[in-house]
Amino acid sequence: MRYSGFRVIKEALLGQKGWRPLWRDPEPQPRYDYVIVGGGGHGLATAYYLAKTFQKSRIAVLEKGWLGSGNIGRNTTIIRSNYLLPGNEPFYEFSMKLWENLEQETNFNSMVSQRGIINLIHTDAQRDAYRRRGNAMLFAGADAQLLSPNELREMVPFLNYDNARFPIKGGLLQRRAGTARHDGVAWGYARGADMRGVDIIQNCEVTGMRIEGGKVLGVETSRGYIAAGKVGVAVAGSSSRVMSMAGMRLPIESHVLQAFVSEGLKPVIPGVITFGAGHFYVSQSDKGGLVFGGDIDGYNSYAQRGNLPVVEDVLEGGMALMPMIGRARLLRSWGGVMDMSMDGSPIIDRTSVDGLYFNGGWCYGGFKATPASGFAFAHLLATDRPHETATAYRLDRFARGYLIDEKGVGAQPNLH
Amino acid sequence: MTDLMAITALGAVAPYEFQIGGLVIRENTELALASLSLGRGQGAPTILGTSMPDVGQWQAGPEVSAFWTAPNQWFIEGQGRAHEDFAAIVKAAAPDCAVTEQTDGWVAFDVYSNDGFKPLEGLLEKLVNIDLDGFEVGTALRTGLHHMSVYLIRRSDTHVTIMGMRTFAAALCHALESTAVRLR
Amino acid sequence: MLIPHPLLGLRDAQEFTYLGDASLLNRPDASSPDAAVAFYDYVYLRDNPAGVHRELWFHEQGDRSWLIVTRNTLTHEILNAELAFKSAVKSEVLA
Amino acid sequence: MTRLTGGVIDHETALRFTFNGKTYSGRKGDTLASALLANGVQLVGRSFKYHRPRGVLSAGSEEPNALVTLRGGAREEPNTRATVTELFDGLVARSQNHVGPLHRDVMAVNDLLSPLFASGFYYKTFMWPRAFWEKLYEPLIRHAAGLGRLSGEADPDAYDKGFLHCDLLVIGGGAAGLAAALAAGRAGVKVILADEDFQFGGRLLAETHQLDGMPATSWVTAVMAELSGLENVRLMPRTTVFGAYDHGIYGAVERVSDHVSAADGEVRQTLWRITAKRSVLAAGATERHIPFPNNDRPGIMLAGAMRAYANRWAASPTRHPSDPVIIFTNNDDGHRTATDLLAKGVPVTAVVDPRDDAPTFGAYELITGVVDDTKGRLGLTSVRVTQNGQSRWMPCGALGVSGGWNPNVHLSSHHRSKPVWDEALLAFVPGKDLPNGMIVAGAAVGQGTTAKALRSGMEAAVSSLAALGISAERIDLPDADDTAAAQTAFWHVSRKGRAWVDFQNDVTVKDIVLAHQENMRPVEHLKRWTTLGMATDQGKTSNISALAVMAELTGKSLPETGTTIFRPPYTGVTLSVLGGGDTGKHFRPTRYTPTHQWSASQGATFVEVGAWLRAQYFVQPGETHWRQSVDREVLAVRRGVGLCDVTTLGKIDVQGPDAAEFLNRIYCNMMGTLAVGRVRYGLMLREDGHAYDDGTCARLSENHFVVTTTTANAALVYRNMEFARQCLWPDLNVSLISTTDAWAQIAVAGPNSRTLLSRVVDGFDLSNEVFPFMACAELTVCGGLRARLFRISFSGELAYEIAVPARYGNALMERLAQVGADLGATPYGTEALGVMRIEKGHAAGSELNGQTTAQMLSLGRMVSEKKDSIGAVMSRREGLAQDKRRLVGFRPVDKSEAIVAGSHLFTQGETRNTTTDQGWITSAAYSPHVGSSIAIGFLEEGDARMGEVVIAANPLEGREVRVEVVSPHFVDPEGGRLRD
């Protein structure tokens with residue numbers, strides 16, 4: 001069924017009787033050519049592109065809970081391609097271009113909203129670093145703009161310019177960046193994949209992998225054994241747990257990242273703003289809530305909840321940066337489990353097990369990568385060759401020393 | 001004796017003093033400090049008649065006092081000896097130990113209450129996350145305060161010393177004063 | 001969180017700085033023939049368990065002791081904390 | 001005016017307040033909601049989506065409808081629940097989310113178009129044409145959305161933060177909480193009793209049943225008197241415990257002065273972090289309503305709330321005293337409202353109860369049936385009652401609805417413990433794996449009657465203390481006369497028309513039906529698809545009803561359909577208070593250098609460097625541009641002598657017999673072989689083989705070294721060295737301690753530096769023979785002041801760094817400037833420092849950025865092969881070893897052009913993209929020595945490209961410069977000067 005404004009009007013007049021389920025709830029088949037483990041954004045996007053772009057069939061997505069219940073369902077919805085390093089920037093720019101056509105691609109309004117992102121500059125050294133980054137973005141075909149203090153004041157007059165501990169000296173702007181409705185992204189891909197015959201199987205947890213002679217044959221699940229030609233794992237947050245079923249240890253730690261939303265307010269913040277001298281970034285959702293976050297709690301955790309010090313740290317930053325939000329109220333906080341990799345960058349690669357493919361290590365940047373990650377993973381699964389924008393995301397880069405360390409903090413996941 | 005003039009951690013000539021409600025906050029510029037660490041297998045020395053206190057404790061003494069800072073490490077205090085080469089004095093008393101001059105590494109604010117511990121409790125519960133029930137006289141500990149690192153010493157029922165890194169003096173002073181003011 | 005410091009008792013986790021898996025105590029021998037592989041494993045690979053985890057915390061705003069804390073990463077329950085120094089010395093002796 | 005008699009308000013003290021510009025009078029003890037009701041005001045707001053007229057629904061923090069904007073100007077406070085706003089004299093409130101006056105909101109047109117706005121509609125449209133989303137559709141949606149408005153001004157109020165520790169934290173001061181606090185208080189342990197209300201007592205203040213034959217309120221008064229007399233009990237009214245965190249830590253906000261008209265300077269709210277050994281959650285219960293067509297009109301209220309307004313606040317829910325009141329309930333508790341209101345003289349005409357066996361408790365008509373429609377757009381006028389198929393319209397000024405009570409399990413599920421369904425109670429109660437040390441008591445665990453609440457509260461306290469090894473006496477509890485309220489599972493009235501489930505977000509039963517039809521059936525999908533439970537009340541009054549409807553549709557049981565867990569905060573928390581008191585300039589502490597006063601007196605401009613404030617340059621009379629000052633300072637150093645405070649560099653004291661061996665393992669280069677009285681440059685790697693810090697290491701004596709670190713990494717290096725000492729090599733006999741703050745360190749740089757220093761040292765031989773380049777010594781200066789002298793140079797000139805006890809730093813700097821006046825002694829700041837280090841090609845933060853290697857810095861030879869050290873092994877990995885980028889210098893071909901840091905390097909004539917990128921400029925400056933702009937940066941095979949002209953491209957600012965690759969040593973490449 002095709003969605004459109006006319007359809008909405010028609011159904012309104014007909015008492016909404018004609019709407020069909022967004023996706024089926026199929027019983028698992030005994031065998032699939034492609035089994036994607038993980039019904040989050042990346043897994044669903046992978047299945048979608050496998051079916052649509054790479055014309056593959058007999059595809060299943062196995063989700064242990066409800067689809068979209070992973071980090072796609074709990075993030076701060078930011079999309080951007082403002083990376084520095086050559087291993088990253090072309091990939092995220094590819095993702096941005098996919099975002100820009102996502103609604104037309106999936107016929108589902110995921111509310112991709114390019115209202116821009118501003119990274120604030122507080123020191124001369126930071127300006128040099130952002131100049132290097134902005135130029136890297138331009139050379140990769142992305143957009144970037146260095147804002148003078150005056151240009152910045154015009155765009156976001158409500159920042160604390162005059163009484164700041166760390167003066168605001170400008171910003172790096174990416175106009176094409178912005179936000180998207182996180183659940184809508186998962187639902188759009190899920191609906192699109194389902195329409196193309198992909199079996200999305202919810203409440204189906206993978207409990208083991210059947211591997212013989214160095215080749216994966218299928219997966220054991222809470223709903224029985226499912227044979228597979230190829231298995232693609234995209235379970236950010238649980239990567240170590242799932243890959244250990246194949247006897248692998250990963251350059252990944254799981255950490256909790258908290259995020260926050262305020263009560264609904266009339267529009268005050270145009271795009272996304274990130275503080276360069278504290279842990280705080282913020283945007284405002286279409287419903288009016290200020291959506292903001294900061295640093296990870298910093299200790300290994302699978303608990304999906306954080307602690308008070310980070311809440312205070314984030315709001316200290318928020319109040320220092322924009323004291324005009326002070327009288328709004330925090331409505332809700334939540335915590336997601338992040339795959340923090342050893343260099344802060346993701347992995348999309350084959351593994352030592354034939355037929356087993358891995359996609360993970362997204363740290364807290366997974367949402368913006370969803371379309372490209374799905375596309376690149378589908379490309380790898382379908383062709384056994386990495387997508388041209390994802391060639392650096394190899395699993396062996398750590399052993400061989402080809403790291404993609406945007407922050408330059410080394411092999412300590414909680415610092416990335 | 002040098003003819004150079006020393007200034008306080010706050011950049012002033014005279015020590016800082018502030019009084020509000022039942023509290024007096026006074027900068028102690030005359031406190032000499034030296035850290036003392038034991039090498040492998042060494043026993044804790046006695047410095048000018050003062051024995052090294054146990055974990056988390058402060059020990060007053062005839063000439064110098066001492067408080068525990070880390071396993072096998074103490075800070076030795078010499079009230080009124082800030083202008084002497086205090087580290088040399090301590091080193092002479094414990095030649096086998098690693099001694100390091102700390103006098104100017106820190107700023108010390110003495111906080112006095114004129115009415116028992118309550119006013120101090122009211123101030124401290126706004127500043128540091130420690131269980132004040134366990135913060136008895138003779139306790140010394142290190143903790144965080146407004147993104148700074150401080151030593152707290154409970155010298156008497158009505159006297160607490162808050163020590164912060166010297167270059168943070170102004171920020172620490174602001175934290176103490178503004179919090180005291182907010183107590184009303 | 002509260003960390004049960006073996007010397008100082010329960011102290012707020014904000015006084016501490018987290019490092020990671022306690023396996024970082026076991027630095028490989030650089031002179032061994034497989035040093036490259038051993039160091040790769042030491043620096044980069046983690047068990048990352050969903051459950052009991054031995055990890056290193058530094059009492060930076062306290063007595064500057066490095067602690068080995070045994071903590072459940074699913075519940076955050078802390079089962080034990082000891083001085084890394086003591087345990088390191090022990091492992092030396094045993095080794 | 002519909003004020004009744006009695007209650008626990010002070011009828012004698014009138015408080016004036018305004019709502020939407022109209023002035024009213026309330027009483028001390030009123031909430032804004034009770035005062036409005038007592039003034040006959042029912043219409044207080046508009047709903048989120050359809051802009052439906054709304055009135056007060058509840059009497060507590062679960063309120064979804066009565067949200068107002070409080071106060072004005074910079075103190076404007078949007079989305080404030082009138083039901084928990086303590087009335088004060090001069091209170092000003094406005095309704096929200098309407099265009100035009102409240103009673104004539106033009107946005108109400110949305111209500112007529114509601115069929116278009118069915119749940120999830122926006123996912124299905126607004127997609128064409130693409131460009132219209134940001135330009136048209138989204139702006140429209142954004143402006144329609146949102147509730148209240150921020151003033152746009154900075155919050156002027158003061159906030160505070162604090163830390164409390166206790167044995168037992170009692171959350172909620174109702175029957176259960178008071179019994180718990182009393183039992184624990186008498187046992188002498190440290191107790192904190194917190195309640196979000198401004199009066200302790202909870203439902204006891206709202207009910208009429210008696211304790212020991214007396215009004216419950218007098219028992220409350222007696223208990224409060226005793227508790228406030230106990231030293232070990234801290235009473236915290238107006239304090240919301242909003243979150244349960246790990247290991248018994250709770251977040252709480254105390255509203256210190258929200259109940260008075262703003263007093264400047266006074267703390268508005270305080271954030272308390274409470275560490276409790278044990279806790280009792282006695283948060284009570286929240287009544288649920290029963291969805292039926294048009295159940296959202298002003299005047300329709302929860303029956304328990306209606307009772308509370310009558311009993312506690314002496315306020316009738318109707319606009320006129322004579323308006324009839326009707327109750328619609330599926331349980332006995334609803335009937336209590338009828339009898340209580342009748343007792344207050346409020347005309348209750350009927351109680352509508354679907355139960356065939358419904359009892360009667362008073363002189364009202366009992367109708368066995370349902371309410372299935374209502375009239376009265378701006379205020380209820382009549383309701384349609386249907387009894388065995390027969391419908392009739394009954395006049396009605398206010399309708400009380402009761403669908404049973406939901407225990408307030410919120411905090412018990414903050415650690416993701418799933419509540420479990422209790423079929424007898426028809427409600428979810430706390431499950432297992434509660435936050436450590438928490439016991440739930442009273443109505444929050446379904447022990448709803450006063451007698452049960454009192455007992456479970458006391459027992460909770462007793463067993464909490466028992467767990468701490470303290471045996472507490474059980475206390476005598478008063479006899480309560482209330483009995484358990486029977487109820488039946490009746491979830492909603494299914495009739496044609498819209499029946500609201502979530503009032504604020506306008507989610508109706510129809511929306512849930514549609515979600516089911518579209519397979520959005522898992523409860524999380526339901527919520528996200530319909531926005532149910534996402535409003536400011538977080539579904540407190542809607543989640544369970546919605547689950548029940550979905551259960552009915554799927555034919556599953558309610559627990560099978562799912563439950564919802566709650567996340568912090570329990571209710572909205574002001575962002576300001578979470579941000580703490582210190583903001584603005586005090587957001588983070590500032591570190592001042594020992595010579596700050598002197599620098600200020602010399603006209604210094606200061607710059608933030610991490611936590612530090614450092615002198616950036618010193619503007620002299622006549623200088624109009626910072627470059628003039630910096631050039632002058634640089635030349636002064638190169639020609640005469642300059643003075644710079646370098647105290648910010650980290651200093652770590654390393655002592656012990658194994659200090660030398662320890663440092664060998666910390667630095668990638670040899671350090672153990674350093675002679676006493678000498679200094680050596682050292683480079684530190686991370687274990688992953690990348691360079692991360694550099695500095696000098698001085699050997700003061702056989703077993704005593706002083707390590708200096710970069711300003712940025714002082715804490716990190718110290719931490720890593722402690723890690724190495726305690727965790728990696730505990731066998732080494734070495735001790736470490738930081739001395740960064742203890743010593744004021746001043747760089748004395750330039751050809752005249754030796755002469756200048758000779759004027760302050762106490763007979764110390766500074767000759768090259770005795771004190772050569774890279775020498776160090778302990779000595780005295782200025783008549784006996786102990787000092788440390790290092791002959792090191794960052795500028796490339798003959799230079800020293802002299803350290804004295806910090807308190808003398810300012811005076812020494814002053815002295816040096818004074819006695820060096822004839823030598824051209826000139827203070828210089830971080831800018832000149834930066835220029836000179838670039839002129840010498842020294843790496844700093846921009847080069848040592850954590851992504852570079854010793855090789856890239858052309859320091860590869862430093863990584864000793866003779867020994868193991870941190871990072872040595874990993875630095876030999878293929879990817880690092882074969883990295884061909886090298887740090888080199890650059891000069892513009894056209895001397896008049898300026899190179900800027902952050903430009904990327906490209907081979908001439910090459911197309912420019914990510915793959916052809918050859919490197920980047922790390923640092924650039926104008927060199928008065930060279931007489932042009934100079935730069936250093938990393939270039940592919942840079943060391944082999946000397947003399948080549950490459951492009952430094954900076955499209956970001958539309959600039960590009962042709963630059964020549966040169967040695968990074970622009971000044972004295974042979975290094976003769978610093979050795980003279």
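Owing to the predicted nature of the structure, the values given are computational and were not obtained by experimental measurement. As a basis for the values below, the full set of heavy atoms in this structure was taken, side chains included, without hydrogen atoms, waters or symmetry mates.
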Less than 4.5 Å apart, any side-chain heavy atom of D:R416 and any of A:R305? yes

Please classify the contact of [X] with chain A as side chain, backbone, both or neither, using a heavy-atom distance under 4.5 Å.
X      : answer
D:Y692 : neither
D:E153 : backbone
D:Q517 : both
D:T80  : both
D:P589 : backbone
D:F566 : neither
D:F242 : side chain
D:R521 : neither
D:L147 : both
D:L113 : neither
D:E831 : side chain
D:T536 : both
D:T583 : side chain
D:A535 : backbone

Using only atom types and a distance under 3.5 Å, with no angle test, would you say the side chain of A:N135 pairs donor to acceptor with the backbone of D:G902? yes

Ignoring hydrogens and geometry, is there a side-chain-to-backbone donor-acceptor pair from D:H143 to A:P267 under 3.5 Å? no

Walk me through it: do A:E263 and D:N79 pass the test side-chain contact (heavy atoms from CB on, under 4.5 Å)? CA-CA 8 Å; A:E263 294 175 350; D:N79 306 341; 3.1 Å; yes

Less than 4.5 Å to any heavy atom of chain D: does that hold for the side chain of [X], its backbone, both, or neither?
X      : answer
A:M111 : both
A:F6   : neither
A:L172 : side chain
A:Q412 : neither
A:P270 : backbone
A:F398 : backbone
A:W187 : side chain
A:E100 : both
A:V261 : neither
A:V268 : side chain
A:P90  : side chain
A:D124 : side chain
A:L13  : neither
A:Q284 : both

Does any donor atom in the side chain of A:K266 or D:N97 lie under 3.5 Å from an acceptor atom in the other side chain? yes

Donor-acceptor side-chain pairing of A:Q104 and D:R130 below 3.5 angstrom: no

What orientation do A:W66 and D:H525 show, parallel under 30°, tilted 30 to 60°, or perpendicular over 60°? perpendicular

So is A:K287 actually on top of D:F48's ring, under 6.0 Å and inside 45° of the axis? yes

Using a strict threshold of under 4.0 Å (side-chain N to carboxylate O), is an ion pair present between [Y] and [X]?
X      : Y      : result
D:R588 : A:E316 : yes
D:D157 : A:R327 : yes
A:R131 : D:E957 : yes
A:D396 : D:R877 : no
A:E312 : D:K161 : yes

Could you go through D:D883 and A:R400, starting from their C-alpha distance and side-chain angles, then the distance that decides it, and tell me whether this counts as salt bridge (charged side-chain N to carboxylate O under 4.0 Å, His left out)? CA-CA 12 Å; D:D883 194 323; A:R400 296 173 54 225; over 6 Å; no

Which heavy-atom pair separates D:F121 from A:V8 by the least distance, and what is that distance? O-CG2, 4.3 Å

